[in-house]
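Report on the structure given below.
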Number of protein chains: 2
Amino acid sequence: MAGRLQAEIKQKKPFRTLEQEAFLNLLRTTDALLRGQAKVLKSVGLSHPQYNVLRILRGAGPHGLACREVCERLITRDPDVTRLLDRLEARGLIARERNRKDRRVVMVRITEGGLRLLRRLDAPIVHLHTQHLGHLGTKRLQALVELLELAREKTA
Amino acid sequence: MAGRLQAEIKQKKPFRTLEQEAFLNLLRTTDALLRGQAKVLKSVGLSHPQYNVLRILRGAGPHGLACREVCERLITRDPDVTRLLDRLEARGLIARERNRKDRRVVMVRITEGGLRLLRRLDAPIVHLHTQHLGHLGTKRLQALVELLELAREKTA
DNA sequence: AGAATATATTCGTTTCAACGATAAATGTCA
DNA sequence: TGACATTTATCGTTGAAACGAATATATTCT
């Protein structure tokens, strides 16, 4: 019995700080939400990074963004973004074009097909998030958003 | 000018619900924290899933866990966990052994080397989380944890 | 004009994640 | 008991992501 107890104590040796507890909760929650979203995305053959790029490009408007800017928003290295765009371009969801003013930069924009695909996803995605987070209610959601924004201030 | 305005309006067409706003904030925050942790883990050549397995096994005590249980905790498919364990075993961080009672199951436990590695990481990880989340203070962190636990209730 | 810089791409490798199929041990039931 | 199903873990394959180094092209600086 003494050995048993000791073993149990041993397990708890690495105390969890409140910060760690919060971190773990963030991880679990985000992970669960992402899994749900992944199912929706899989129905149209999109990965998370791919979906993110399309969302960014839709928000960027018809002129598109420089590849460099996409990298910065995704916080992803240039080579990886290039290949990400390759796949989306191969499916006709985005288009690339050299910038005439500065021929080093490649402008990326979402195509009509890309917009159509996103529109098809909009309702299911909103529905999913409402289903998963709606029960918190307006007040708590606002509090959550505030806390998260505050958290990120020291995160950069 | 009218065209300009119209373009701006177009961008905002896909309204963001409060739930989506919360989701995006969760994503950004967790992502930022994970990137920070990844740097620490990289210093010892561990990936996130690998670190998670080690943490789980340390918490499981000296008897270890059945491979199946590891799968369930990680929410990862059996084949992938097998290979994840392969890599950790190759580095001597975990050990596998057939269960005598039920020879189908493989018991996985963390080794001394694995424990040593985790201990080396404990301080930097705690420091990192304190650095990134400590400024919220006890009250806000507790509120955050509560909100996240509440959020996950509808997430399974 | 020549050197340094910026932008994007190509190449190579490791890991993760999803899928199907298989091997071995155990459980079920006619 | 023997045929059949179930559980557990592994193997094979594929696609994608992430990290690093190197390259090509265009621009900027001196």
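Sequence lines set the chain letters: A, B, ... in the order given, protein chains first and strands last, and positions in each chain run from 1. Everything numeric in this text was worked out from a predicted model, so none of it was measured.
Residue B:R96 is in sugar-phosphate contact alone, with no base atom involved, counting any heavy-atom pair closer than 4.0 Å across all strands shown.
Not counting sequence neighbours, B:N99 has no partner by the side-chain hydrogen bond (donor to acceptor under 3.5 Å, both in side chains) test. Under the salt bridge (charged side-chain N to carboxylate O under 4.0 Å, His left out) criterion, A:E19 pairs with no residue at all, not counting sequence neighbours. Qualifying salt bridge (charged side-chain N to carboxylate O under 4.0 Å, His left out) partners for A:D78, counting only residues two or more places apart in sequence or in other chains: none. By the salt bridge (charged side-chain N to carboxylate O under 4.0 Å, His left out) test, B:R98 pairs with no residue at all, sequence neighbours left out. Residues passing the salt bridge (charged side-chain N to carboxylate O under 4.0 Å, His left out) test with B:R68 are B:E72, sequence neighbours excluded. Under the side chain to side chain contact (heavy atoms under 4.5 Å, CB included) criterion, A:E69 pairs with A:L65, A:A66, sequence neighbours left out.
At its two ends the helix from C:dA1-D:dT30 to C:dA30-D:dT1 runs along axes set 10° apart, each axis drawn from five pairs and the angle rounded to 10°.
For A:Q131, the CD atom is densely surrounded, since the number of other residues' heavy atoms within 6.0 Å is greater than 12.
Listed for the B:T111 side chain is no donor-acceptor partner under 3.5 Å among the backbone atoms of B:A95.
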Where do N or O atoms of nucleotides 25-30 of chain D meet protein N or O atoms at under 3.5 Å, pair by pair?
{"from": "D:dT27", "atom 1": "OP1", "to": "A:R103", "atom 2": "N", "distance (Å)": "3.1"}

What does the list of N/O pairs under 3.5 Å between the protein and nucleotides 14-17 of chain C look like, with a distance for each?
{"from": "C:dC16", "atom 1": "OP1", "to": "B:S47", "atom 2": "OG", "distance (Å)": "2.3"}
{"from": "C:dC16", "atom 1": "OP2", "to": "B:R87", "atom 2": "NH1", "distance (Å)": "2.2"}
{"from": "C:dA17", "atom 1": "N7", "to": "B:D80", "atom 2": "OD1", "distance (Å)": "3.3"}

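Contact annotation: B:K42 reaches the phosphate of D:dG20 (side-chain N/O to OP1 or OP2, under 4.0 Å).
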Which side-chain N or O atoms in residues 33-45 of chain A pair as donor and acceptor under 3.5 Å with protein atoms at least two apart or in another chain?
{"from": "A:R35", "atom 1": "NE", "to": "A:D31", "atom 2": "OD2", "distance (Å)": "2.9"}
{"from": "A:R35", "atom 1": "NH1", "to": "B:I75", "atom 2": "O", "distance (Å)": "3.2"}
{"from": "A:R35", "atom 1": "NH2", "to": "A:D31", "atom 2": "OD2", "distance (Å)": "2.9"}
{"from": "A:Q37", "atom 1": "OE1", "to": "A:H129", "atom 2": "NE2", "distance (Å)": "3.2"}
{"from": "A:Q37", "atom 1": "NE2", "to": "A:H48", "atom 2": "ND1", "distance (Å)": "3.4"}
{"from": "A:S43", "atom 1": "OG", "to": "A:V40", "atom 2": "O", "distance (Å)": "2.5"}

Contacts table for residues 23-30 of chain A: side-chain donor-acceptor under 3.5 angstrom, sequence neighbours left out:
{"from": "A:N25", "atom 1": "OD1", "to": "B:R152", "atom 2": "NH1", "distance (Å)": "3.1"}
{"from": "A:N25", "atom 1": "OD1", "to": "B:R152", "atom 2": "NH2", "distance (Å)": "2.9"}
{"from": "A:N25", "atom 1": "ND2", "to": "A:E21", "atom 2": "O", "distance (Å)": "3.0"}
{"from": "A:T29", "atom 1": "OG1", "to": "A:N25", "atom 2": "O", "distance (Å)": "2.6"}
{"from": "A:T29", "atom 1": "OG1", "to": "B:R152", "atom 2": "NH1", "distance (Å)": "2.8"}
{"from": "A:T30", "atom 1": "OG1", "to": "A:L26", "atom 2": "O", "distance (Å)": "2.9"}
{"from": "A:T30", "atom 1": "OG1", "to": "B:T30", "atom 2": "OG1", "distance (Å)": "2.7"}

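Taking the nucleotide of DNA chain C with the nearest heavy atom to each of A:L85 and B:I75, the more 5' of the two is matched to A:L85.
The other members of the hydrophobic cluster of B:V105, by chain and number, are B:M107 (side-chain heavy atoms under 4.5 Å, ILVMFWY only).
Of the listed nucleotides (C:dT9, D:dA9, C:dG20), C:dG20 has the atom at the smallest distance from the side chain of B:P79.
Atom NZ in A:K39 sits roughly 14 Å away from atom C1' in C:dA18 (whole-Å rounding).
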